[in-house]
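Every chain is numbered from 1 and lettered A, B, ... according to where its sequence line falls, protein lines coming before strand lines. No hydrogens, no waters, no symmetry mates; every other heavy atom, side chains included, goes into these values.
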Amino acid sequence: MPLYNHKKIESKWQKKWEEEGLYKAEDDYKKKKYYLLIEFPYPSGEGLHVGHPRSYTALDILARKKKMEGYNVLYPIGFDAFGLPSENYAIKTGVHPAITTKKNIKTFTKQLKSLGFSFDWSRQVITTDPEYYKWTQWIFLKFYEKGLAYKDKMPINWCIDCKIGLANEEVVDGKCERCGGEVEKREKEQWMLKITAYADRLIKDLGKVDYWERIKSQQINWIGRSEGAEFELSIVIASEAKQSRKDGLTEIVASPSAPRNGISISVYTTRLDTVFGMTYAVIAPEHKLIAKLKNKIANYKEVEKYIIKARNKTELKRVELSKEKTGVELKGIKAINPFNNEAIPLFVADYVLGYYGTGAVMAVPAHDERDFEFAKKYNLPIKQVIKPGKETHQKLSDIIGHEYFIADGILIESGEYSNMKSREAREKMAEWLEKKGMGKKKINYKLRDWVFSRQRYWGEPIPMYHCEKCGIVPASEEEVLNTNKWRLPDIEKYEPTDTGESPLAAITDWVNAKCPKCKSPAKRETDTMPNWAGSSWYFLRYIDPNNKKELADKKKLKYWAPVDWYNGGMEHTTLHLLYSRFWYKFLYDIGVIPKECGAEPYKKRTSHGMILGEGGEKMSKSRGNVINPDEVVDKYGADTFRIYEMFMGPFNQAIPWDTKGVIGVRRFLEKVWKLRERIMNHESGIMNKKIESMLHKTIKKVAEDIENFRFNTAISAMMILANELEKEKEVFIIHYSLFIILLSPFAPHITEDIWSSFAKATEDKAEKKKYEQSIFRQNWPKYDEKLIKDETINLVIQINGKLRDIIAVDADISESKAKAKALASKKIKKWLYGKEVVKIIFVKGKLINIVVKYV
RNA sequence: GGUCCAGUGGUGGAAUUGGUAUACACGCGACACUUAAAAUGUCGUGCCGCAAGGCAUGUGAGUUCGAGUCUCACCUGGACCACCA
């Protein structure tokens, strides 16, 4: 009996599997399919992280089980290879990102293969491959054709260090997600994708899919749908309004005859019911109205100074300073509340965002915390118009402890709307606005259009021309798909230019081109696409990776799409997951994806937790707590590594690495290995009923746990079974081999090796043949319901809910018999002495609880 | 500040619908094997107590025959978002 030599076994079977093509998915439309997807890695220079295999092993286990259940399984792999690190490396060393990428992919491939995943490597997709990214470019052309890609001058997040525009999603705490440097706002012409056009469907269709609740709610939150109303506030010259006093508040009431000069601002609110409490209005510093009213604003210089200051604040500072609100009144003008004709002061303040809603708000200090703070600081009136409940009107501070009240309630001092409930008032007020033509109901989203331009080299070129005569002209499909014209050209310098243009802008013979429409001189777009582009549709290309005519064949799409199970990181919930759902829906709308596939790309989505360093902190080079998967595989083997990552704790939870725990798993596999010494053929023995029952319980548990991603308890159940088998003098091959099949998705190498050795243990030809085939061509075991049912159970006897005795009884014991037995127990008799039995509760198959009281 | 999640031995963590709390693994201790060590095996291992027994799932209350599980309040930690009107 040889020792368990993981190195020999693992390389042997990895080679065999590859030669046999065991994991190739066939386009066999008669079989039922199962498509499993993991987020393809970015091939970084650091190599594989121990976090990668957590997700890959989980779906590998599922893939192998599905295959054994008879499914035609597709479990593909590829590389998301465009990205900043290779480009930054190129800036430092001059090595072309394509070379770095190629080298890193080679390392990753070797590492991934050493872990024995059942990936179908023949379908590999690499986003930097021109045969792939020409289709990414083609999809962009389609977006443009349908009016969903547009160029717009807009303030973008600009990373000062990286010299690159960032999407909102890439700005974390006001800092650049990549380099941690400061981010400021800059006006730039950017390509945009109109994801907001899909906002509603991206929320609604979450009802069609099976995502973990956490993932759904995060997406809903991110899209941030809010129902409200938009309406106009007329602007008047202050001197034309008449001052009066009312309710002890200083208010300015416009005289009905005050001429309105046609200028108005549009405000958005979700709390139209509080409109009678509006005591001022605020516009964002970016608001266009300010320039328009330049000569009507008495203190324009002061206002201008404030705007410039606000604009120069970096995102970080703006967030930091958020506690202290600032603003400047626009003197000389007033806004009119259309509901009561009151003239109110108008402020510019940076606590109002230029890019959300209309960039202007009505301020109701009594019912909004931010407005309240601002009003306190600038001594503005606070007028309560909602009372919390049925209580009579009293000071807010007496009821809730502070002076503003943000919840719904009952309206007061709101004209004809007084005494209405908030909800009703919102409806009625919106109706009134619509009737008067001054406003309407409106739905707003936090989600903004996707800034799609990057001023970088290592990305997909955006296939657009800028013609002197025709303006923006898209490249033709022919040019993108069948020529080399839109491939990334080679360059010498990778640094972005100081003007913020892509390094591509420096290659004049690439930039200068002819307009495809009118043939006059034109310039090419030099921006490239963001990282998220290639990863937004890669899962479709796996279905038909070598198609030269189409993005993917329709018949193949019909068969394979959508993805049945997608697992990935929680950090991709709001970015990649949302983006790829958007792209898929678009491709579905334009008929690239057949209707039969449905409008959602992923049927099911789950997320794994992070693997932390041994101290419980995030693994990082600087902390020196990085675990290298190669070393673990080398020392303990891939099977040990895989099982350890699945055993360490709940799959969706962050868990620190513990090398000691790895040893425990290795011991388990050695135990499994040694059990082989004691196997014998079942013909010569009597069935061991206890083991048989346990085995079938384990079959049930492991199958259920895999489907529910509770790998840790599945492994624990197999350990218990192995411990039990170890206690037996002889192990029947029929039991042991079923156990080996159960274990095989988790530890493919050792189980395949043990399986193949069974061929020697039998003389039967058919049996021999079975064992000579791969274990992964066997059927997944089914449990026998009869064997799972226990004949006897341990009946728990409690007194007042406390455990006092346990007796063995028939599993289907009747209530009366159980009671009699319980009361006959010596231990119980002792406890009942001197007490009165009040009642007895019987739970079938579980327990008896005797409720007593002292006499 | 908002939303969501979690808090169980020395450690990672188990515990169907409320029904034997601490499975499995690590660590630790004792013993066996060994000249010795490693490896391996056997037994033990929540806390207090000689024992009978009592006390333990962040804290406090509640519902219940019975609560780790349900309800409320609080404390602590994490994740995501964050001036979104």
Checking contacts here: which listed nucleotide ([options]) is nearest the side-chain heavy atoms of [X]?
{"X": "A/M719", "options": "B/U20, B/C24, B/A85", "result": "B/C24"}
{"X": "A/N794", "options": "B/U20, B/C81, B/C55", "result": "B/U20"}
{"X": "A/K660", "options": "B/G27, B/A23, B/G13", "result": "B/G27"}
{"X": "A/K325", "options": "B/C83, B/A85, B/A25", "result": "B/C83"}
{"X": "A/F647", "options": "B/C24, B/A85, B/A82", "result": "B/C24"}
{"X": "A/W831", "options": "B/C81, B/G54, B/A25", "result": "B/G54"}
{"X": "A/T269", "options": "B/A85, B/C26, B/U20", "result": "B/A85"}
{"X": "A/W222", "options": "B/A82, B/A85, B/U20", "result": "B/A82"}

Side chain to side chain contact (heavy atoms under 4.5 Å, CB included) with [X]: which residues, sequence neighbours excluded?
{"X": "A/T196", "answer": "A/K194, A/D449"}
{"X": "A/Q798", "answer": "A/V796, A/L847, A/N849"}
{"X": "A/K789", "answer": "none"}
{"X": "A/N337", "answer": "A/V275, A/M278, A/F339, A/N340"}

Checklist entry - Mind checking what makes salt bridge (charged side-chain N to carboxylate O under 4.0 Å, His left out) contact with A/R214, not counting sequence neighbours? => result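 None.
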Checklist entry - In chain order, what residues pass the salt bridge (charged side-chain N to carboxylate O under 4.0 Å, His left out) check against A/K727, with sequence neighbours excluded? => result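 Salt bridge (charged side-chain N to carboxylate O under 4.0 Å, His left out) check on A/K727 returns A/E724.
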Checklist entry - Per the atom types in the model, does the base of B/C81 pair as donor or acceptor with the side chain of A/K446 at under 3.5 Å? => result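 Check fails, no donor-acceptor contact within cut-off.
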Checklist entry - Does any N or O donor sit under 3.5 Å from an N or O acceptor when you compare the side chain of A/K846 with the base of B/U17? => result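 Donor-acceptor pair under 3.5 Å: yes.
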Give a yes/no answer on whether the side chain of [X] brings an N or O atom under 4.0 Å of OP1 or OP2 in [N].
{"X": "A/N652", "N": "B/C5", "result": "no"}
{"X": "A/Y351", "N": "B/A85", "result": "no"}
{"X": "A/Q653", "N": "B/G12", "result": "no"}
{"X": "A/K802", "N": "B/C55", "result": "yes"}

Next on the checklist: Using only atom types and a distance under 3.5 Å, with no angle test, would you say the side chain of A/H287 pairs donor to acceptor with the backbone of A/A360?
Outcome noted: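 No.
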Checklist entry - For A/I195, does its backbone N or O pair with a side-chain atom of A/Y579 as donor and acceptor, under 3.5 Å? => result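 Not a single qualifying donor-acceptor pair exists.
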Item to check | Side-chain H-bond candidate by donor/acceptor type, A/Y4 with A/T640, under 3.5 Å | outcome: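 Their side chains do not contain a donor-acceptor pair, so the 3.5 Å distance test is not met.
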Checklist entry - Are A/T573 and A/Y211 close enough that a side-chain donor and a side-chain acceptor fall under 3.5 Å? => result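 Looking only at side-chain atoms, A/Y211 and A/T573 do not form any donor-acceptor pair under 3.5 Å.
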Checklist entry - What pairs with A/Y445 under ring-ring contact (aromatic ring centres under 6.0 Å, His included), at least two apart in sequence or on another chain? => result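 If we apply the ring-ring contact (aromatic ring centres under 6.0 Å, His included) test to A/Y445, skipping adjacent residues, there are no hits.
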Checklist entry - Which of residues 698-718 of chain A sit near RNA chain B, with a heavy atom under 4.0 Å from it? => result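 Those residues are A/N712, A/T713, A/S716.
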For nucleotides 65-69 of chain B, give me every protein contact, N/O to N/O, under 3.5 Å, one pair per line with atom names.
{"unit_1": "B/C65", "atom_1": "O2'", "unit_2": "A/N849", "atom_2": "ND2", "d": "3.3"}
{"unit_1": "B/C65", "atom_1": "O2", "unit_2": "A/N849", "atom_2": "ND2", "d": "2.5"}

Show me the donor-acceptor pairs, under 3.5 Å and distance only, between side chains in residues 645-654 of chain A and residues at least two apart or in other chains.
{"unit_1": "A/E645", "atom_1": "OE1", "unit_2": "A/R54", "atom_2": "N", "d": "2.9"}

Checklist entry - Dot-bracket, RNA chain B: Watson-Crick or G-U, under 3.5 angstrom, [ ] crossing, | other strand? => result (((((((..(((......[....)))((((((.......))))))(((....)))..(((((..]....))))))))))))....
Item to check | Syn/anti label of B/G9 as read from its glycosidic torsion, with the cut at 90° from 0 | outcome: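 Here B/G9 takes the syn form, which means its glycosidic angle is within 90° of 0.
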What nitrogen or oxygen pairs link the protein and nucleotides 40-43 of chain B at under 3.5 Å?
none

